[in-house]
Novice: 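Have a look at this one before I ask anything.
Just follow the structure's listing: the first ligand is 1, and inside any ligand the first atom is 1. Position 1 is the first residue of the sequence; numbering continues from there.
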Amino acid sequence: MSKADQLFVSMCKDILDHGTTTEGEKVRPRWEDGFPAYTIKNFGVTNRYDLREEFPALTLRRTALKSAMDEILWIYQKKSNNINDLNSHIWDQWADESGSIGKAYGYQIAQKSSYREGEFDQMDRVLYDLEHTPFSRRIMTNMYTFADLHEMNLYPCAYSVTYNVTQGEGDEKPVLNMVLMQRSQDILAANNWNVCQYAILLMMVARHVDMVAGELLHVIVDAHIYDRHVDIVRELIERPQYPAPRVSLNPNVQNFYDFTIDDLIVEDYNHGPQVKNIPIAV
Ligand SMILES: Nc1nc(=O)c2c([nH]1)NC[C@@H]1CN(c3ccc(C(=O)N[C@@H](CCC(=O)O)C(=O)O)cc3)CN21
Ligand SMILES: O=c1ccn([C@H]2C[C@H](O)[C@@H](COP(=O)(O)O)O2)c(=O)[nH]1
């Protein structure tokens with residue numbers, strides 16, 4: 001049984017059984033037909049995934065791992081905020097005529113700041129710090145720039161990543177761990193999508209600095225199930241579970257900037273049927 005399935009099922013049950021509803025409150029998101037998109041939510045969910053044990057893909061249904069990786073490369077490697085650089089259509093509703101989603105995601109990662117050693121953008125600084133001062137407690141990226149919020153079509157949800165290195169006594173190589181801070185999470189549409197993409201990011205960065213990918217700690221402030229997702233979630237969590245797939249990176253690629261979605265190797269991914277046409281609240 002995949003551990004990611006077990007975590008997902010218990011998180012969903014907890015939200016459905018003990019969550020609070022926003023029904024009747026003033027909420028921002030809408031369904032396609034204009035109705036307000038209410039949720040059942042839990043405040044403050046934390047999930048831990050150990051990549052040394054298994055890759056955290058759901059098997060209840062298939063997570064589109066290559067599309068998820070494509071989006072993470074779009075943000076952290078291409079540092080783009082334009083949907084024309086993205087292969088999937090998941091951001092189409094939030095883009096303007098030029099394809100821009102505003103000063104969000106990749107735009108923020110590309111911004112340079114001055115350091116004693118010179119100018120670095122956010123991702124280059126992470127790689128530099130991990131190479132030069134791996135035990136630093138200051139290795140992070142953050143896309144929640146208050147001054148730019150008015151120019152973002154959607155405020156960043158998974159907005160900050162902190163990297164932390166450990167080296168235990170028998171560890172051959174240092175272990176790279178990550179905390180992902182997420183202020184808001186659409187559990188059905190994007191929970192496992194976000195988890196798998198940051199797991200892949202952790203694996204790529206660990207490869208670049210010759211470390212072992214360790215734990216991913218996912219902190220979710222508002223973990224919600226949308227009203228029109230409740231029945232789908234109830235069905236999903238009753239499905240059979242399978243062992244986690246084996247997911248690895250092409251062993252010939254070392255440099256973070258050289259990875260493409262073709263370098264993601266997915267083996268033995270058994271999963272339940274896809275849920276078609278999940279409505280997305282905009
Ligand atoms: N309400 C809402 N939920 C979200 O999850 C969300 C937003 N809004 N706004 C922006 C992005 C777009 N996100 C999305 C949207 C759709 C999928 C989705 O449908 N994924 C499919 C596979 C898509 C593919 O194969 O390319 C899936 O089956 O998971 C994933 C993330 C996450 N974000
Ligand atoms: O990577 C992502 C991006 C977006 N979401 C979800 C979380 C919320 O349901 C909406 C955003 O609405 P806000 O009102 O701005 O919170 O998108 C996600 O889960 N993961």
Novice: As an exercise, identify every atom of ligand 1 less than 4.0 angstrom from a heavy atom of Arg61.
Specialist: 27 (C), 28 (O), 29 (O)
Novice: Show which atoms of ligand 1 fall inside a sub-4.0 Å distance from at least one heavy-atom site of Ala189.
Specialist: 5 (O), 30 (C)
Novice: Just which atoms of ligand 1 are under 4.0 Å from any heavy atom in Ala64?
Specialist: 22 (C), 25 (O)
Novice: Students often mix this up, so state it plainly: with edges at 30° and 60°, are the rings of Tyr128 and His132 parallel, tilted or perpendicular?
Specialist: parallel
Novice: List the closest protein heavy-atom neighbour of atom 12 (O) of ligand 2: residue, atom name, distance to the nearest 0.1 Å.
Specialist: Arg28 NH2, 2.8 Å
Novice: Atom 1 (O) of ligand 2: which protein heavy atom is closest, and how many Å away?
Specialist: Asn194 ND2, 3.0 Å
Novice: Counting each atom of ligand 1 from 1 as listed, which ones have a heavy atom of Leu154 under 4.0 Å away?
Specialist: 9 (N), 10 (C)
Novice: Return the orientation label for the Trp74 and Trp91 ring planes: parallel under 30°, perpendicular over 60°, tilted otherwise.
Specialist: tilted
Novice: Considering heavy atoms of the protein only, find what lies nearest to atom 5 (N) of ligand 2 and give residue, atom and distance to 0.1 Å.
Specialist: Cys157 SG, 3.6 Å
Novice: Please classify the Gln274 to ligand 1 contact at 4.0 Å (heavy-atom distances, strictly less than): side chain, backbone, both or neither.
Specialist: side chain
Novice: Under 6.0 Å from the six-membered ring centre of Tyr115 and within 45° of its axis: does the NZ or CZ of Arg125 meet both?
Specialist: yes
Novice: Centroid-to-centroid, Trp31 to His229, below 6.0 Å?
Specialist: yes
Novice: Counting each atom of ligand 1 from 1 as listed, which ones have a heavy atom of Ser88 under 4.0 Å away?
Specialist: 26 (O)
Novice: Got the closest protein heavy atom to atom 7 (C) of ligand 2, with its distance?
Specialist: Ser184 OG, 3.3 Å
Novice: Considering non-hydrogen atoms of the protein only, which is the closest contact for atom 10 (C) of ligand 2, and what is the distance?
Specialist: Tyr226 OH, 3.9 Å
Novice: Would you mind running through ligand 1 and noting each atom that sits below 4.0 Å from a heavy atom of Ile280?
Specialist: 1 (N), 2 (C), 8 (N), 16 (C)
